[in-house]
Amino acid sequence: SQQGEEDPQALSIQEGENATMNCSYKTSINNLQWYRQNSGRGLVHLILIRSNEREKHSGRLRVTLDTSKKSSSLLITASRAADTASYFCATGYNYGQNFVFGPGTRLSVLP
Amino acid sequence: EAGVVQSPRYKIIEKKQPVAFWCNPISGHNTLYWYLQNLGQGPELLIRYENEEAVDDSQLPKDRFSAERLKGVDSTLKIQPAELGDSAVYLCASSLPQWAGGDDTQYFGPGTRLTVL
């Protein structure tokens with residue numbers, strides 16, 4: 001299976017703390033994308049990182065990719081209650097056109 | 001720029017009835033995806049189109065599911081007949097691949113929540 005697997009399955013933190021979620025996969029990828037999904041809503045794209053990149057930033061988000069370990073991490077700094085959501089990684093293969101999603105990490109940020 | 005549009009947003013049907021979902025991708029996006037998402041799980045690919053061609057339908061249960069993307073723009077996903085286990089959210093996404101000048105980012109629609117009674 002080429003499925004990405006997020007870790008932990010659930011994470012609960014206080015507002016202002018940092019949240020780190022990890023994604024591991026099994027085969028070589030072209031890219032990896034992180035998404036956020038609020039309850040009952042669609043998926044919102046956060047960051048795409050390509051296999052030849054090691055780190056990308058977007059606002060309070062930082063994504064790293066370690067292709068030697070077949071893993072990626074998503075760091076959310078200074079978390080807010082509005083960051084409460086499920087976060088998914090999607091590993092892209094077949095020239096970055098096919099994506100396989102993991103089961104997600106459910107993040108709860110407590111005020 | 002308008003996002004991916006899906007309709008209906010919600011659908012409740014009885015088992016053995018047919019149902020259809022419609023998707024309008026972002027203008028100019030060559031690639032269109034249909035995913036199924038069960039509660040508490042990540043999306044699972046059903047079919048991927050490149051323009052009007054279905055290039056990956058290996059996960060589509062072809063005995064009851066069908067899809068089409070006429071003219072390479074809008075797409076329709078159909079289930080006939082629906083079963084209780086088909087209750088899920090059906091997501092449509094589109095992207096513009098690198099070879100076409102894009103960056104492979106997938107953009108998702110809001111989904112159609114199907115309940116089969």
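In the text below, chain A, chain B and the rest are named by the order of the sequence lines, each starting its count at 1. Scope of the values below: all heavy atoms of this structure, side chains included, with no hydrogens, waters or symmetry mates.
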Compute the centroid of each ring, for A:Tyr35 and then for A:Phe101, and state whether the two points are separated by less than 6.0 Å.
yes
Could you tell me whether B:Phe21 and B:Tyr90 have their ring centroids closer than 6.0 angstrom?
yes
What are the two closest non-hydrogen atoms of [X] and [Y], and how far apart are they?
X: A:Thr105; Y: A:Met21; result: CG2-CG, 3.5 Å
X: A:Trp34; Y: A:Cys23; result: CZ2-CB, 3.6 Å
X: A:Leu32; Y: A:Cys89; result: CD2-CB, 4.2 Å
X: A:Gly92; Y: A:Phe99; result: CA-CD2, 3.5 Å

Quick one: what part of B:Glu50 sits under 4.5 Å from any heavy atom of chain A, side chain, backbone, both or neither?
side chain
Under 4.5 Å from any heavy atom of chain A - which part of B:Ser95:
side chain
Applying a criterion of heavy atom separation less than 4.5 Å, what residues of residues 108-116 of chain B form contacts with chain A?
B:Phe108, B:Gly109, B:Pro110, B:Arg113
Check this for me: A:Gln14, atom CD, are more than 12 non-hydrogen atoms of other residues, nucleotides or ligands nearer than 6.0 Å?
yes
Are the side chain of B:Asp56 and the backbone N or O of B:Ser58 linked by a donor-acceptor pair below 3.5 Å?
yes
Can a donor-acceptor pair be found, under 3.5 Å and without considering hydrogens, that links the side chain of A:Arg106 to the backbone of A:Ala10?
no
Would you list the atom pairs, donor with acceptor, under 3.5 Å between side chains in residues 36-43 of chain B and any protein atom, with sequence neighbours excluded?
from, atom 1, to, atom 2, distance (Å)
B:Gln37, OE1, A:Gln37, NE2, 3.0
B:Gln37, NE2, A:Gln37, OE1, 2.9
B:Gln37, NE2, B:Gln41, O, 2.8

Any ion pair linking B:Arg64 and B:Glu83 (charged N to carboxylate O, less than 4.0 Å)?
yes
Would you mind checking if B:Lys15 and B:Asp86 are paired as a salt bridge, meaning a charged N to carboxylate O distance below 4.0 Å?
no
Against A:Glu6, only a single residue in A:Ser86, A:Ser24, A:Pro103 fulfils side chain to side chain contact (heavy atoms under 4.5 Å, CB included); can you say which?
A:Pro103
How about residues 55-80 of chain A versus chain B: which residues have heavy atoms under 4.5 Å apart?
none
Using a heavy-atom distance cut-off of less than 4.5 Å, which residues of residues 45-52 of chain A contact chain B?
A:His45, A:Leu48, A:Arg50
Go through B:Asp57 and B:Lys62 one step at a time and tell me if the salt bridge (charged side-chain N to carboxylate O under 4.0 Å, His left out) criterion holds.
CA-CA 9 Å; B:Asp57 62 356; B:Lys62 299 181 184 63; 3.8 Å; yes
